[in-house]
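Please see the structure below; I have some questions.
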Amino acid sequence: MQISLKTNAKKVQAALKKKGKDVNKSIKRALSITAQQGINIIEDRTQDGKGYKGGAFKGYSEKYAKFRRNKGRSQNVDLQFTGRMLGSMTSKADRKKATIFFTRAEEAKKAAMNNKTRPFFGFSRKEEKQLANVFFKAIL
């Protein structure tokens, strides 16, 4: 997932020059911080059993709920059985974009399947505004 923020590039560049900061380094650093905050938002929201489109996740099937009970796991729909899927989420940034992704193919596959029935990998408009604020605080 790539994070897209709408900015006034001329204003940002002017503010950075005024402070004597290197524009490219500042943008890369701010995007990196913003992507990490994005991961935190996804993890926290998912742990609460909520999707980015709003509302609680759809419940587990009876068969899977029974499997979880037998393994001593919670019945809360939080997309965590071992914690590896969300734990493998990471980010990278350059001076133009930041990307949030999964480090292991197996976990990316699980995430894609989960995201179809319980959309968690994305941001609401409110969360996008939060991320924009994080970016602007980090850049200046």
Side-chain angles (χ1 to χ4, degrees):
M1 166 193 340
Q2 292 183 7
I3 300 170
S4 299
L5 302 173
K6 294 179 181 170
T7 64
N8 184 331
K10 288 183 181 182
K11 273 188 178 180
V12 170
Q13 197 166 16
L16 290 172
K17 281 186 180 181
K18 187 175 180 181
K19 290 191 172 200
K21 293 184 175 182
D22 176 33
V23 175
N24 291 332
K25 279 185 182 178
S26 294
I27 290 174
K28 182 179 177 181
R29 181 180 172 278
L31 283 171
S32 182
I33 291 168
T34 304
Q36 184 56 51
Q37 182 61 31
I39 291 171
N40 295 344
I41 287 171
I42 291 170
E43 288 175 343
D44 291 345
R45 182 182 3 89
T46 302
Q47 189 171 6
D48 290 342
K50 297 177 184 170
Y52 76 91
K53 293 182 178 180
F57 286 140
K58 176 182 161 187
Y60 291 132
S61 69
E62 189 58 42
K63 183 179 177 183
Y64 187 66
K66 184 179 177 183
F67 171 76
R68 287 180 65 89
R69 259 192 314 277
N70 291 340
K71 295 291 184 177
R73 302 290 197 247
S74 155
Q75 299 303 297
N76 297 336
V77 182
D78 59 6
L79 307 183
Q80 293 190 53
F81 188 79
T82 63
R84 281 186 251 156
M85 182 183 76
L86 292 178
S88 77
M89 214 177 349
T90 191
S91 65
K92 65 180 177 180
D94 59 28
R95 60 185 184 88
K96 292 186 179 186
K97 68 182 179 201
T99 306
I100 298 173
F101 61 99
F102 295 88
T103 57
R104 293 189 296 274
E106 181 182 338
E107 306 309 325
K109 195 176 190 179
K110 274 193 244 177
M113 289 181 356
N114 277 318
N115 204 46
K116 286 180 185 175
T117 54
R118 298 174 184 90
F120 74 98
F121 197 65
F123 301 106
S124 67
R125 288 182 192 253
K126 181 181 175 184
E127 292 166 341
E128 286 176 356
K129 287 179 183 178
Q130 280 179 278
L131 292 171
N133 288 336
V134 168
F135 175 79
F136 287 115
K137 285 179 182 176
I139 203 163
L140 300 177

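Along the sequence shown, the residues carry numbers beginning at 1.
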Minimal non-hydrogen separation, Gly38 against Leu131, with atom names: N-CD2, 3.6 Å

Atom pair CD1/OG1 of Ile41 and Thr34 - distance to nearest 0.5 Å: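 The distance works out to 9.5 Å.
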
Heavy atoms of other groups near Arg73 CZ, more than 12 under 6.0 Å: yes

Rounded distance [0.5 Å steps], CD in Gln37 versus CZ in Phe135: 14.5 Å

Ile27 backbone acceptor or donor facing Arg95 side chain under 3.5 Å: no

Thr103 vs Glu107 side-chain heavy atoms within contact, under 4.5 Å: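 No, too far: nothing below the 4.5 Å cut-off.
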
Ring geometry between Phe102 and Phe120 (parallel below 30°, tilted from 30 to 60°, perpendicular above 60°):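 Phe120 vs Phe102 ring planes: perpendicular.
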
Approximate separation, where rounding is to 0.5 Å, of Lys92 NZ and Ser32 OG: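 OG of Ser32 is found 12.5 Å from NZ of Lys92.
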
Non-hydrogen atoms of Arg118 and Leu79 that approach each other most closely: CD-CD2, 3.6 Å

Check: Asn114 and Phe121 side chains under 4.5 Å, non-hydrogen atoms: no

Within-4.5 Å side-chain heavy-atom neighbours: Ser91 and Thr99: no

Co-membership, hydrophobic cluster, residues Ile33 and Phe123, 4.5 Å side-chain: no

Trace of the salt bridge (charged side-chain N to carboxylate O under 4.0 Å, His left out) decision for Glu62 with Arg69: CA-CA 10 Å; Glu62 189 58 42; Arg69 259 192 314 277; 3.6 Å; yes

Under 3.5 Å donor-acceptor, Asp78 side chain and Thr46 backbone: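 Not confirmed, Asp78 side chain does not pair with Thr46 backbone.
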
Other residues, nucleotides, ligands: >12 heavy atoms within 6.0 Å of Arg104 CZ: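 Counting other residues, nucleotides and ligands, CZ of Arg104 exceeds 12 neighbours.
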
Shortest non-hydrogen contact from Met89 toward Ile100: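 What the structure gives for the nearest pair is CG-CG2, 3.8 Å.
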
pair Val77-Lys58: side-chain heavy atoms closer than 4.5 Å: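 Counting from C-beta outward, Val77 and Lys58 never come under 4.5 Å.
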
same_hphob_cluster(Phe136, Leu31) at 4.5 Å side-chain heavy-atom cutoff: yes

Short N-O contact, Arg125 and Glu128, less than 4.0 angstrom: no

Distance in Å, Phe81 CZ paired with Tyr60 OH, rounded so as to fall on 0.5 Å steps: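 Nearest 0.5 Å value for the CZ-OH distance: 9.5 Å.
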
Expected output: side-chain Glu127 to main-chain Ser124 donor-acceptor under 3.5 Å: yes

Rounded distance (nearest 0.5 Å) linking atom NZ of Lys66 with atom OG of Ser61: 11.5 Å

Straight-line distance of Met113 CE to Met85 CE, nearest 0.5 Å: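 Between atom CE of Met113 and atom CE of Met85 there are 10.0 Å.
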
ILVMFWY cluster, Phe101 and Tyr52 together (side-chain gap under 4.5 Å):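 Per the 4.5 Å side-chain linkage, Phe101 and Tyr52 are not co-clustered.
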
